[in-house]
Amino acid sequence: MDSAQRRLAERRLVAALRRLHRREPMRVDVRTDALLHELRSDPGERLPPGHRGGGSLREVSDAELLAVMEALVEAGNLVRRGHRVRLSDHTPILLDPQMRDRVGRLMTGLREAGAEPPRVDGVAARMGIPVGVVAEGIDYPRGVADKLRARLDEMARHGPLTVSRVRDRLRTSRRHAEALIAFRRGLRARQH
């Protein structure tokens, strides 16, 4: 990797980590594989090479990016804890007791909703929970997602997982059935 690509990789890694911290401000740190995934989906990849912020890192391997990440740790720009990193100046947001109670009630409501939870952003706003306190795109609390995944695995042993079959068996909407199938497919892809 030449020095120009190294500088670009450093800027993109820091920018990707900053985006992840903004997206989930209560999270202390981020897994390195999630950071690499965020970097690879960076909009700068779509800019022309001569454009400020443009240039491609497609030819740079994950091992090279991890080496750049390690250099940023050594320089004090990032803090590493095992396979997790954070910006050295990142301080996670801590919830006051009232907000913690609101988030707890939101999560209880999502658990009770089962396979067809409401859209979280609208419910959170009505409860007075600001954007960023609840992770973007969350629909299923971990326990509910795990139970639904187990049910999907069982269903897959007895035939193909189609949207209509998942919708009917789980008594949910087409939108949620599609999301659950995509969730399971994503988990299986990461395992292989």
Side-chain angles (χ1 to χ4, degrees), residues 1-95 103 107 110 120-121 124 130-146 148-150 152-153 156 161 178-192:
M1 173 184 325
D2 64 24
S3 63
Q5 271 196 319
R6 178 172 288 284
R7 284 191 307 275
L8 178 63
E10 289 172 351
R11 284 195 314 271
R12 293 268 179 84
L13 278 165
V14 169
L17 191 49
R18 202 170 302 284
R19 281 193 308 275
L20 289 168
H21 283 327
R22 266 195 313 268
R23 197 175 302 147
E24 296 184 54
M26 294 187 314
R27 187 176 296 273
V28 175
D29 48 22
V30 177
R31 288 180 18 188
T32 55
D33 60 333
L35 176 57
L36 293 178
H37 180 268
E38 181 69 19
L39 179 130
R40 297 284 188 203
S41 62
D42 188 333
E45 284 292 320
R46 294 185 289 274
L47 295 173
H51 189 280
R52 184 169 184 253
S56 179
L57 293 174
R58 284 186 204 119
E59 302 300 319
V60 178
S61 71
D62 284 354
E64 290 172 308
L65 289 171
L66 289 171
V68 171
M69 193 182 309
E70 194 56 43
L72 289 168
V73 168
E74 290 171 12
N77 297 330
L78 303 181
V79 176
R80 180 186 203 104
R81 187 179 57 138
H83 291 287
R84 302 182 76 81
V85 293
R86 68 174 172 84
L87 291 171
S88 57
D89 62 352
H90 173 67
T91 305
I93 295 173
L94 299 176
L95 296 180
V103 171
M107 297 307 286
L110 290 176
V120 172
D121 48 359
V131 174
V133 171
V134 178
E136 183 180 318
I138 185 173
D139 284 322
Y140 300 101
R142 171 74 58 202
V144 173
D146 290 343
L148 290 170
R149 189 191 67 217
L152 289 173
D153 290 345
L161 290 179
E178 289 172 341
L180 288 167
I181 292 169
F183 168 70
R184 181 176 182 271
R185 195 175 300 133
L187 285 176
R188 292 178 61 80
R190 275 186 250 137
Q191 291 171 349
H192 298 296

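Positions are given from 1, in the same order as the sequence printed here. For clarity, every value in this text was computed on a predicted model and none was experimentally measured.
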Check your understanding: For E70 and R80, what are the C-alpha separation, side-chain angles and deciding distance, and is it a side chain to side chain contact (heavy atoms under 4.5 Å, CB included)?
Key -> CA-CA 8 Å; E70 194 56 43; R80 180 186 203 104; 3.1 Å; yes
Exercise for review: Determine, step by step, whether L152 and R185 satisfy the side chain to side chain contact (heavy atoms under 4.5 Å, CB included) criterion, reporting the C-alpha distance in whole Å, the side-chain angles of both residues, the deciding distance to 0.1 Å, and the verdict.
Suggested key: CA-CA 11 Å; L152 289 173; R185 195 175 300 133; over 6 Å; no
Exercise for review: For side chain to side chain contact (heavy atoms under 4.5 Å, CB included), just list the numbers for D153 and R184, CA-CA rounded to whole Å, side-chain angles, deciding distance to a tenth of an Å, and then say yes or no.
Suggested key: CA-CA 8 Å; D153 290 345; R184 181 176 182 271; 2.7 Å; yes
Review point. Side chain to side chain contact (heavy atoms under 4.5 Å, CB included) between R40 and L65: does it pass, once the steps are laid out?
Key: CA-CA 11 Å; R40 297 284 188 203; L65 289 171; 3.4 Å; yes
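Taking CG of L39 as the start and CZ of R19 as the end, the distance is 7.5 Å to the nearest 0.5 Å. The distance from atom CD1 of I181 to atom CG of L161, rounded to the nearest 0.5 Å, is 5.5 Å. Atom CZ in R31 sits 11.0 Å away from atom CG in L36 (nearest 0.5 Å). Taken to the nearest 0.5 Å, the CG atom of D33 stands 9.5 Å off from the CG atom of L66. Here the straight-line distance linking atom CG of N77 with atom CG of L72 works out to 5.5 Å at 0.5 Å rounding. Atom CE of M69 is separated from atom CG of D62 by 8.5 Å, given to the nearest 0.5 angstrom.
When side chains are defined from C-beta on, L110 does not count as touching V144, because their heavy atoms never get closer than 4.5 Å. Between V85 and V79 the shortest side-chain heavy-atom distance does not fall below 4.5 Å. For the pair E64/Q5, no side-chain contact is recorded, criterion being any heavy-atom separation below 4.5 Å from C-beta on.
Counting all heavy atoms, side chain and backbone alike, L35 lies closest to L17 at CD1-N, 3.5 Å. The shortest heavy-atom contact between V28 and H90 is O-CD2, 3.4 Å. Scanning both residues, Y140 and A145, for their nearest heavy atoms gives CB-CB, 4.0 Å.
Residues passing the side chain to side chain contact (heavy atoms under 4.5 Å, CB included) test with A150: none are found, sequence neighbours excluded. The side chain to side chain contact (heavy atoms under 4.5 Å, CB included) check on T91 picks up nothing, with sequence neighbours excluded.
At least one donor-acceptor pair closer than 3.5 Å links the side chain of H21 to the backbone N or O of L87.
Remark: R27 CZ is loosely packed, at most 12 non-hydrogen atoms of other residues, nucleotides or ligands lying under 6.0 Å away.
Each of R84, H83, R86 was checked for a side chain to side chain donor-acceptor pair (under 3.5 Å) with D29, and the lone residue meeting it is R84.
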